[in-house]
Amino acid sequence: ERSAHLRADTRRPWRARYVCSKHKVRATTAFFLDKVLVPPVRATLLGLALGLLPLTHYLLVQGPSGEEPALGWLVKGISKLGDAAVPTNLITLGAALAKGPDFDAVSLGSCLTIAFAKLVVMPLVALGVATVYSLAFHDEIPHPFEEPLLLTIFVVAATPTANNVLIMCTINGQNRTAMSTAIFVQYLLSPVILPLT
C-alpha cells in the first residue's frame, strides 16, 4: 500500500510538493508555538485581549458605569495567585543557586560570555535606547515620569537575568542546570560589575 502511495506521488509531483509544504507549515507553526509563544507571552496576550474587548472588560475589569465588575471576585482570586508567583519563583531560584554551579552542564567561558553580555553590553544598549528615546520624545514624556522611566530601563538592563527565565527553562524541558549555572555566575559577578555600570 505504501509503495502504491509513493508511485502515486511520483506520478503527481504537485502532490508531493503539497505534502512537503504542508509539513513545513506544521513544523513552523509548532516551532512558533513552542519557542515564541511561551506561557508568559500567551498569558500576556490573553490578558490584553480580555482587558481590551468591551464585553470581557465590563465583566472582569470595570462595569460600564464604573461599578464593580460582575466577575471581579474571580480577578481578585487570580491576582492573589499572581502575587504568590514572585516569592515562589525566588524560592525556586534560591534552590537552584544553592546547589552551586555545574560547569559540566555549561562551560565557564560560556557563563562569563553570557554574564558579560547581560551585565555590560545590555546596559550599554539600554543607555543608547534611553538616550535616543529621551531626545526623540523629550516633550511627550510628562515631567514626573521621565526619571523613573529611565531608571527602570537601566535597572532592568543592568541586573542579572530574572528568575522567570529559569522557570521557563523548567516548563519547556530545557537544560535547567546550565541556566542555573549561568545565572549563578551572573549573581556572583554582579556585586563587582553593577557599581561600574
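Quick note: residue numbers are just sequence positions, from 1. Side chains included, hydrogens not; waters and symmetry mates left out as well; all remaining heavy atoms used.
The hydrophobic cluster around Leu71 extends to Leu46, Leu50, Leu55, Leu59, Leu60, Val61, Trp73, Leu74, Val75, Ile78, counting ILVMFWY residues whose side-chain heavy atoms fall within less than 4.5 Å of a member.
For the atom pair NZ (Lys80) and CG (Asp83), the distance works out to 6.0 Å, reported to the nearest 0.5 Å. In this structure, CG in Asp102 is found 11.5 Å from CZ in Phe184, a value given to the nearest 0.5 Å. Rounding to the nearest 0.5 Å gives a distance of 11.5 Å between CE of Met122 and CD1 of Ile153. In this structure, Phe116 CZ and Ile193 CD1 are separated by 8.5 Å, a value rounded to the nearest 0.5 Å.
The minimum heavy-atom distance between Pro195 and Val192, with the atom names listed, is CD-O, 3.5 Å. Closest heavy-atom contact between Phe154 and Pro123: CE2-O, 4.3 Å. In plain terms, the two heavy atoms of Ala178 and Asn175 that are nearest each other are N-OD1, 3.1 Å. Looking at every heavy atom in both residues, Leu194 comes nearest to Ala158 through CD2-O, 3.1 Å.
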Under the side chain to side chain contact (heavy atoms under 4.5 Å, CB included) rule, what do Leu112 and Val185 come out as? Steps first, then yes or no, please. CA-CA 7 Å; Leu112 291 174; Val185 171; 4.1 Å; yes
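Side-chain heavy atoms closer than 4.5 Å link hydrophobic residues (I, L, V, M, F, W, Y) into clusters, and following such links, possibly through other members, connects Leu189 to Val121. Both Leu188 and Ile183 belong to a common hydrophobic cluster when Ile, Leu, Val, Met, Phe, Trp and Tyr are linked at side-chain heavy-atom distances under 4.5 angstrom. With hydrophobic clusters built from ILVMFWY side chains whose heavy atoms lie under 4.5 angstrom apart, Leu108 shares a cluster with Val120.
Considering only heavy atoms from C-beta on, Leu119 comes within 4.5 Å of Pro160 through its side chain. A heavy-atom distance below 4.5 Å is found between the side chains of Phe103 and Cys111.
Using a distance-only test at 3.5 Å, with no hydrogens or angles considered, no donor-acceptor pair links the side chain of His57 to the main chain of Leu52. Lys118 contributes a side-chain N or O that, together with a main-chain N or O of Thr159, makes up a donor-acceptor pair within less than 3.5 Å.
Here Ser107 pairs with Ser110 under the side-chain hydrogen bond (donor to acceptor under 3.5 Å, both in side chains) rule; sequence neighbours left out. Qualifying side-chain hydrogen bond (donor to acceptor under 3.5 Å, both in side chains) partners for Thr56, counting only residues two or more places apart in sequence or in other chains: none.
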